[in-house]
Amino acid sequence: MKFFKGISLTFLIVSNAIGSCSEDQKPSIPKDPLIVERDSLLAIYGHHIDARELEYLKVFELGSTDHTYLYGKSEGNFWLGLFASPNQKTTEYLVELDPESAINDIYYNPVGHGYLATGFELIEILGYDPSDTIEDASISKSILRFNLDDFVLKSSTSYSPLNELTILEYARRWKGGFLLEHSGIVSEFGKSNTQYLSTDLSESILWDCRSPTSPPLGVYYFDVDFYLTVGEHSVGGFDYSSCKFWTKNILDFYGVETCPGCTSSIKLLNQIDDNITVEVNLNEKIRQVVIEYRTGKVILNEVFS
């Protein structure tokens, strides 16, 4: 009998305790994860952040230096800070990446990154309104460029419909600037393109195509919108303005389709105006060939003596 009384008393105490909590305490409301993350990072780095009213604060994990990259939104602008340690801030930036004020409640999301051995770092940032579900809603796409010697920053922003979104896939130095290849794999139409940006980002050219293969190292670019590649057995070029590619195999210059066991080589001799001259060698039979470099049209093909 005492055993059951003990159980009943215990149950009553627990019931009263639960009832008391439910009457006197309101259930807690979970915090927004963005706010929790922001407050956690501010607890570590906040003493060295000058930006006010950061709506959110996150870590960008693709940076190419030893710094910690923090980013967020402050007063409608994109904020970025580089920290050597929690107690040492290298620099911070507050950048206007929606110059046309085209997006109502803009959210900035760094998605692409490129590091170039010449001392530059590129970061691609998308800006959009998370509540806007219209397929052709406007989205901003910005490129930030750092000079890693002095951390001077430049930026360039363009706009496009959401269903034509592209992301940065490849970047390299290119004739006084940068060549950026953008993939449309994330968009509805799957449209890819290529962009030229001058080093200071003041000039931008966008072409509605990509080369069949990314330009290899060692290409020759006589113009911003064209590159030539000379390999061991072939020569070819790609014109971004016309989106046309051409290639010539060394056998084409000799009028044969196969040559088992043959030795061959191609060497670029010069470029004059719209033409190039290459020296081709097939089994020690040397020819000089003049080619219109944008189209691949053979102007002259003669035996070298």
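The structure displayed is predicted, hence computed values, not measured ones. Residues take their numbers from the sequence shown, with the count starting at 1.
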Check whether any side-chain heavy atom of Thr166 sits under 4.5 Å from a side-chain heavy atom of Lys191, and report yes or no.
no
Sequence neighbours excluded, the answer for side chain to side chain contact (heavy atoms under 4.5 Å, CB included) partners of Pro130 is Tyr107, Tyr128
Output, in order, the C-alpha distance, side-chain angles, deciding distance and verdict of side chain to side chain contact (heavy atoms under 4.5 Å, CB included) for Val298 and Lys248.
CA-CA 10 Å; Val298 176; Lys248 298 288 185 183; 4.3 Å; yes
CD1 on Ile134 to CG on Asn163, rounded to 0.5 Å
11.0 Å
Do Arg145 and Ser156 pass the side chain to side chain contact (heavy atoms under 4.5 Å, CB included) test, and can you show the C-alpha distance, the side-chain angles, and the key distance before you say yes or no?
CA-CA 9 Å; Arg145 186 229 71 183; Ser156 172; over 6 Å; no
Indicate yes or no: at least one non-hydrogen side-chain atom of Leu228 is less than 4.5 angstrom from one of Phe222.
yes
Would you say Glu61's side chain and Gly63's backbone share a donor-acceptor pair under 3.5 angstrom?
no
Exceeds 12 heavy-atom contacts within 6.0 angstrom, atom CG of Asp66:
no
Quick check on the 6.0 Å ring-centre criterion: do His67 and Phe151 meet it?
yes
Backbone N or O of Cys209 within a donor-acceptor pair of the Thr194 side chain at under 3.5 Å?
yes
Asp129 side chain to Ile106 backbone, donor-acceptor under 3.5 Å
no
As a test of understanding, state which of Asp273, Asp223, Asp274 forms a salt bridge (Lys or Arg N to Asp or Glu O under 4.0 Å) with Arg294.
Asp223
Distance only, no hydrogens: is a donor on one side chain within 3.5 Å (strictly under) of an acceptor on the other, for Asn87 and Ser85?
no
Do Pro110 and Lys58 have side chains that get closer than 4.5 Å, going by heavy atoms?
no
Looking at Ala43, is its backbone amide N or carbonyl O close enough to the side chain of Asp39 to form a donor-acceptor pair, meaning the two atoms are under 3.5 Å apart?
no
What I'd like to find out is whether the side chain of Tyr69 reaches to under 4.5 Å of the side chain of Leu62, using heavy atoms alone.
no
Taking atom NZ of Lys154 as the centre, does the number of heavy atoms from other residues, nucleotides or ligands within less than 6.0 Å exceed 12?
no
Do Trp174 and Tyr221 make the cut of ring centroids closer than 6.0 angstrom?
yes
Verify the ring-centre separation between Tyr108 and Tyr71: is it less than 6.0 angstrom?
no
Side chain to side chain contact (heavy atoms under 4.5 Å, CB included), that's the test. Do Leu70 and Val59 meet it? Break it down for me.
CA-CA 5 Å; Leu70 301 183; Val59 178; 3.6 Å; yes
Is Asp105 paired with Lys73 through a side-chain N to carboxylate O contact shorter than 4.0 Å?
yes
Evaluation steps, side-chain hydrogen bond (donor to acceptor under 3.5 Å, both in side chains), between Glu181 and Ser192
CA-CA 8 Å; Glu181 294 188 10; Ser192 299; over 6 Å; no
Hydrophobic cluster mates of Val36, side-chain heavy atoms under 4.5 angstrom, ILVMFWY only, any path?
none
For the residue pair Phe60 and His113, categorise the inter-ring angle as parallel (less than 30°), tilted (30 to 60°) or perpendicular (more than 60°).
tilted
Leu144 side chain near Glu121 side chain, heavy-atom distance below 4.5 Å
no
Ile291: which of Ile299, Asn275, Val278 passes side chain to side chain contact (heavy atoms under 4.5 Å, CB included)
Val278
Just checking Phe178 against Phe120, ring centres under 6.0 Å apart?
yes
Give the C-alpha distance, both sets of side-chain angles, the deciding distance and a yes or no for side chain to side chain contact (heavy atoms under 4.5 Å, CB included) between Leu41 and Arg38.
CA-CA 5 Å; Leu41 290 171; Arg38 180 200 66 184; over 6 Å; no
Count the heavy atoms belonging to other residues, nucleotides or ligands that lie under 6.0 Å from CD1 of Ile185, then report whether that count exceeds 12.
no
